[in-house]
Amino acid sequence: MADVKPPEPREPADKPGDWALIKRVWPYIQQDRGWLWVVLLMTPLGVLAGVVQPVLLKAGIDDHIAVGDIAGLTGVALAFLGVVLAGWLTGSLGFYALQRMSLRGLARLRAAIFAHVTEQGARFFDRRTTGSLMTRTVNDTEAVYESLVRGAGQLLTDLLTIVGMLVAMFALEWRLTLVAFAFSPIIWVTVGWFRRRLRPLSLAIRQTLSRLNGFFAEQIYGMSLVQLYGAQEKSRAKFDDMSRAYMVAYHRSNWLDAGLYAVMDGMSALAVGAVVWFTAIQFTDPEPSITIGLLVAFVDYLGRIFVPIREFAGRIAALQQSSAALERIFGLMDANDKVTPGSIDPESVHGAVRFDGVSFAYAADRPEVLHDVSFAVRPGEVVALVGATGSGKTTIGKLLTRMYDGYSGSITVDDHELRDLRLETVRDRITVVHQDVYLFDGTVAENIHLWKRDLTPEALRRAVELSRAASFIDEQPAGLEWRLTERGANLSTGQRQLLAIARAMARDASIVILDEATASVDSETEKLIDEAVAELFKQRTVLVIAHRLSTIQKADRIVVLHQGGVVEHGSHEELMALGGRYRLLVETGFEL
Amino acid sequence: MGIIQRFWRHYCARHLRSYLLGFAFLAATTLLTVGIPVFVEWAVDAMEARAADEAIGWAIAILVAGLAIMVVRTLSRILFFNPGRVVEYQLKSDLFEHLTTMPRRYFDRMRPGEIISRGTNDASSVRALVGFGSLQIFNVVLTLIFTVGQMLISDALLTLLCILPLGVAAWILNLAIRRMFILIRRSQQQIATLSDRILETYNGVTVLNAFNAMPGATERFDRANEDLLASAMGLVTIQSWLLPIVTVVGSVCLVIVLYAGGTMVVDHGLSKGELAAFTIYIRNVAGALLGLGWMLNAVQRGWISLGRMYEVIDAETGRPPCDAPLPERAGAGYALRVRDLTFRHPEGDPSAPGGSQTAARPALEDVSFDIASGEVVGVFGLTGSGKSTLLDLVARVYDPPPGTIEVAGVPLESIDIRAWWGSLAYVPQDAFLFSQSLRDNIALAAPAGERDDERVAAAATDAALTDDLAALSHGLDTVVGERGITLSGGQRQRSALARAFYRRFEVLLLDDVLSAVDHATERRLIDAIYRRAAGATALVVSHRISVLRRAHRILVLDRGRLVASGTHEELLARGVEPYCRVHKLQQARDRDRAAATTPPLTEREPTVG
Ligand SMILES: Nc1ncnc2c1ncn2[C@@H]1O[C@H](COP(=O)(O)OP(=O)(O)OP(=O)(O)O)[C@@H](O)[C@H]1O
Ligand SMILES: Nc1ncnc2c1ncn2[C@@H]1O[C@H](COP(=O)(O)OP(=O)(O)OP(=O)(O)O)[C@@H](O)[C@H]1O
Ligand SMILES: [Mg+2]
Ligand SMILES: [Mg+2]
């Protein structure tokens, strides 16, 4: 059976033009409009200084050297020097302004991507790897910077230079100009040809690279498994395949790159040849209409103008790469799986929760996970959600904490439709111990308060003690300042869970969801935690998800899920008396 | 052997032909480029002499040179750049291959982000070194030699007048680039920090959002983002004011040529043709010097990156050579003998703030026990008592101190490690899935192209995944999200178990693999586990007495020490703590349940443990 292809969504369906992309970048640089004026003023001045130089060269040769006028030559030389220095000042200032503007824009764009991604609902992350999202936020913005500075921005200088010099050349001697650019249609066609081929290639290169890096990262994280299961060769082969694809794509783009560069280089020589040839023909005349000074000026012009023309192609290549990056960035910015925030912000939340006919599927192409789920929880009640693994318990918690949107039916908290409540309110009032514990690379304290300042050291300490995390934290000399490594790798699994519990206990919420919060904790510690939970959350609505009956039995009410639907609910006694699924669960489960 | 030699021998030497050919084409390119001003000079002199036909001849020579340049330059660039890509590919591939042999300790110490950056960013710097860098070295050197030589032939004094300021400019440029290089390094560091922050925030996005903690995380991001911006602005200042210095000085030289050269022309010391040629030479020299600065930068960066990559490629596994074959099987599975096993986890990241931190106490201390072949042994202990550490050591995820573990009488550290891994089926405590199909996840142990779908199906069935598969959109072919996030906790755990069941094993190591499943499923799984463990030696870690009690023997760990070992009944009879306490707790529940249970549905007696 063929593997189903990676779920990574394809983002930009239709390719936006370069112009459209620039328009989307504009808001990020808009704030630095003032600097834009500097760019627009200084750049032409810098360019002008370059355009004038060959004219001075011609004047020096034809008007002074040719007639042996050293004094006049001195004057021209001094003027020339002045122009050079003025060109430096204006050109550099223009460039500085441009870079400054771009860099700040880049930082803003990066912040915008970060904000966009972190505002997304969980569905967004189901289909993407965080590695590729990181690439988008960091590496692709770097590429965009290249486009703004080496690409789009320099394009202005280049265009002005090209136009200014053309005008000057035409003014000096139009026939020579025409001869020099006799080959320009070829340039036009070549640049277009290369452009068309480079664009998809550079997009492909970026994609391959991002896939390769994603794979690399995943393998590093799962390396122990790869080794234990002897999958080294398999991984290596896969890595090599991707890496080779990257190399091959680059080899192809190298040809285009090198060709583009060399053709432009040769073209400048051809233009010089043409100009010399035409001048030489003039010299068959006893009174040649073209002077040597003019020829030197033209050769100088051609030396100057072909750099921007050649770089123009290079800039276009850079622009290709970065507009590919921009496409991906804005593709990401257009992808939206945000949960729609509500606006109601009630004074207090008592903690009544009601699910009414809730159905939910994780994605359109996924089967429904919850069907018509209904149950109600009164404020201050402890309700247990039980059911076989995969029956949808965690999903209910995810809906309640608004990780996912797009359920049908109604979920209410204190008679407010959950969707209408402010997101911050929901998150402040509902706290959760996730089944999958995530710990940050930071101190124990940071992992509990999560960089929120509203937590007092006393509250922190209390949470650590109630959750029994103190048992191993206090063994450490650094205590709460003990530094955890990535994902809490220097803790045992049970210890990680205790920290997650501490995190929830440190907060004062109205509704608490405990999703298998003590699954990896020994029974002794579990019992202590259960007592602390009972004490701490006495006035709170508590939703416990657990497989262990000890935890479940203490609940006021039990909701039994089976394959995504509620099949029974009631107290332990009621359900035992009912003799349905719950009783079956209890009886099969407890034969020691 | 020095890094440079090894690098050359392993990666570059095979491209020698390509480089030599590229060098030939490059030399041709440079000759042609230098030829053009010479032709211009001769043409101008011919014009001055009113020899138009000769001038036309030189013009045609220029045209031919132009056409030739297109071809040879393309080839020289390709011949230098393509090997660069190949070298990058091979370096990366070797780096990855080496990483597949590295022990966990190495990954703990280096941190994944750092390793990933070496395999990606540093690889591209090295590529720039062998591609662009080497092209530029030759390009600059050849251009300077040819052009300056030609200039000297024309007029030594004028050459000196121009070369001196250009030399000074190049020197300033070099200083500027060196300063830039420092700033670039700093900003690369900052990019790494920023990337870490971002990755961490994205990975923990669920937690951060659930706790309304995103503002704090955003602040942290903003700070890193601003730091990066600040050093980038420092770079920009140099780039805008100092980098154009060579071009500016080039123009100044043009003034010198015009004035000094012009004076010479008037004095008949120089022909107009030579004057014309000089204007072109200066441009070429300035271009080459400009390239020089960048080249030095690329080369310097490349070397540093190469060093960083070799650090990984050369990293020692820290394992003594282990090539003893697996011992003969005696009956079912291997006998294990553990003696005085003490193990302390490696120190935390010493570079991290908070300084180096030693683990407060050894995770295991003086642990000794024996397991007969074919025995199924349960491991019990409170949270943090060292159960996972024990399995990690037996599986050599961490290397046990020499002489502490023996397999069928052979010291574990002397056994060929891949053979040992090949005889294990270890399910670690956290169920890690790769973002590929469930089928490929289960058949992780299968060599490429040799996946046995029937075994996959059987493993999935034994791991009680059948019902779940029906609920997934593509059954076994469903591609799971990163780390398996699109599965439920229990599904993930059972998939990891199925991965072990797919294997043929002599030793089975299960670390709390039933923590996320319901009781009914648990019972099916216990059956499957004990069935599969027959014919192998097994260590089964669990917090649940229901899982452990069927084991032949149970080891009880307490704060890293082995406090008892015996059958369930023996432990109870001897009153071993904390086993008895936990048993009582789990039983108490059972009694509660019994008490709360109204008469059973069926006629049969309720079974109470
Ligand atoms: N992010 C997701 N994308 C798609 N499907 C999902 C996702 N998360 C869970 N599922 C599917 O939804 C179903 C219910 O999952 P859920 O996590 O709610 O189960 P659960 O009752 O918590 O199980 P467990 O006891 O194993 O934790 C499962 O079949 C699972 O595969
Ligand atoms: N990689 C590590 N680095 C440093 N210390 C560690 C590391 N892994 C575990 N520890 C420490 O070693 C001790 C034993 O941990 P271990 O994971 O073996 O416990 P465990 O018995 O498996 O606990 P649990 O029941 O919670 O899984 C703990 O105190 C833990 O903090
Ligand atoms: Mg769950
Ligand atoms: Mg453990």
Side-chain angles (χ1 to χ4, degrees), chain A residues 3-4 60 65 68 73 77 80 84 88 92 95-96 99 103 107 126 129-130 134 138 220 228-229 231-232 234 239 247 250 254 258-259 262 266 269-270 273 276-277 280 283-284 296 303 388-390 427 435 438 450-451 475 483 492-494 519-520 522-523 547 550 577 579 588-589 591-592, chain B residues 43 47 52 55-56 59 62-63 66 69-70 73-74 77-78 81 85 89 96 100 112 199 202 204 207 212-213 216 229 236 240 248 251 255 258-259 262 266 276 283 354 360 382-384 429 437 444-445 448 468 474 477 481-482 488-490 515 517-520 543 582 585 589 601 607 609:
Chain A
D3 283 358
V4 179
I65 297 178
L73 186 59
F80 203 148
V84 170
W88 183 16
S92 290
F95 188 67
Y96 176 80
Q99 296 241 30
L103 272 175
D126 285 349
T129 60
T130 49
M134 202 267 287
V138 179
I220 298 295
L228 285 164
Y229 284 82
Q232 291 98 326
K234 214 157 61 171
F239 181 82
M247 174 180 77
Y250 245 118
N254 270 353
L270 289 186
V276 172
W277 172 76
F283 272 79
T284 49
V296 173
T389 114
R427 290 168 175 169
Q435 189 172 11
Y438 186 86
L450 295 174
W451 300 277
E475 274 184 358
R483 198 174 172 87
S492 87
T493 311
S520 302
D522 63 84
S523 305
H547 291 306
S550 57
T588 50
E591 288 166 308
L592 271 180
Chain B
M47 289 173 202
I56 290 176
I62 297 174
L63 288 172
I69 280 178
M70 293 191 191
R73 203 186 264 295
T74 307
R77 284 176 84 88
I78 288 290
F81 285 179
R85 292 287 169 187
Y89 160 73
F96 187 76
T100 60
L199 199 57
Y202 289 177
V207 175
N212 250 346
L229 179 62
V236 158
S240 3
V248 170
S251 293
V255 180
L258 182 66
Y259 183 75
V266 173
R283 187 175 313 290
L382 301 185
T383 295
Q429 199 166 6
S437 71
L444 180 63
D468 304 272
H474 303 278
D477 293 304
E482 204 174 20
S488 87
S515 66
V517 298
D518 58 278
H519 288 287
H543 287 298
V582 168
L585 276 171
R589 280 177 218 155
L601 281 178
T607 38

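A note on names: the letters A, B, ... follow the listed sequences, proteins ahead of strands, and every chain is numbered from 1.
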Fill in: Winner by heavy-atom pair count (cut-off under 4.5 Å) against chain B, out of A:Ala107, A:Gly259, A:Gly60
A:Ala107
Discussion item. Quick check on A:Ser492 against chain B: is it the side chain, the backbone, both or neither that has a heavy atom closer than 4.5 Å?
Written reply: side chain
Worksheet item: Hey, which of A:Ala269, A:Ala519, A:Gly266, A:Ala77 has the most heavy atom pairs under 4.5 Å with chain B?
Response: A:Gly266
Item to complete: Nearest 0.5 Å please: distance from the OG1 atom of A:Thr284 over to the CD1 atom of B:Ile56.
Response: 6.5 Å
Fill in: Side-chain heavy-atom pair A:Thr389, B:Asp468 within 4.5 angstrom cut-off
yes
Worksheet item: Judged by modelled atom types alone, do B:Asp477 and B:Ser437 share a side-chain donor-acceptor pair under 3.5 Å?
Response: no
Worksheet item: Should B:Arg85 and B:Tyr89 be marked as a side chain to side chain contact (heavy atoms under 4.5 Å, CB included) after you check the CA-CA gap, both sets of side-chain angles, and the distance that decides it?
Response: CA-CA 6 Å; B:Arg85 292 287 169 187; B:Tyr89 160 73; over 6 Å; no
Worksheet entry | chain A interface, residue from B:Gly384, B:Ser488, B:Ala43, B:Ser251 that has the most non-hydrogen pairs under 4.5 Å | B:Ser251
Worksheet entry | Proximity breakdown for A:Phe80 and chain B, heavy-atom pairs closer than 4.5 Å | both
Discussion item. Under 4.5 Å from any heavy atom of chain B, what part of A:Val276 do you find: side chain, backbone, both or neither?
Written reply: both
Fill in: Pick from B:Gly490, B:Gly216, B:Ala213 with the largest number of heavy-atom pairs that fall under 4.5 Å of chain A
B:Ala213
Practice prompt. Can you sort out the partners of B:Arg283 under side chain to side chain contact (heavy atoms under 4.5 Å, CB included), two or more places apart, ordered by chain and number?
Written response: A:Asp300, A:Arg304
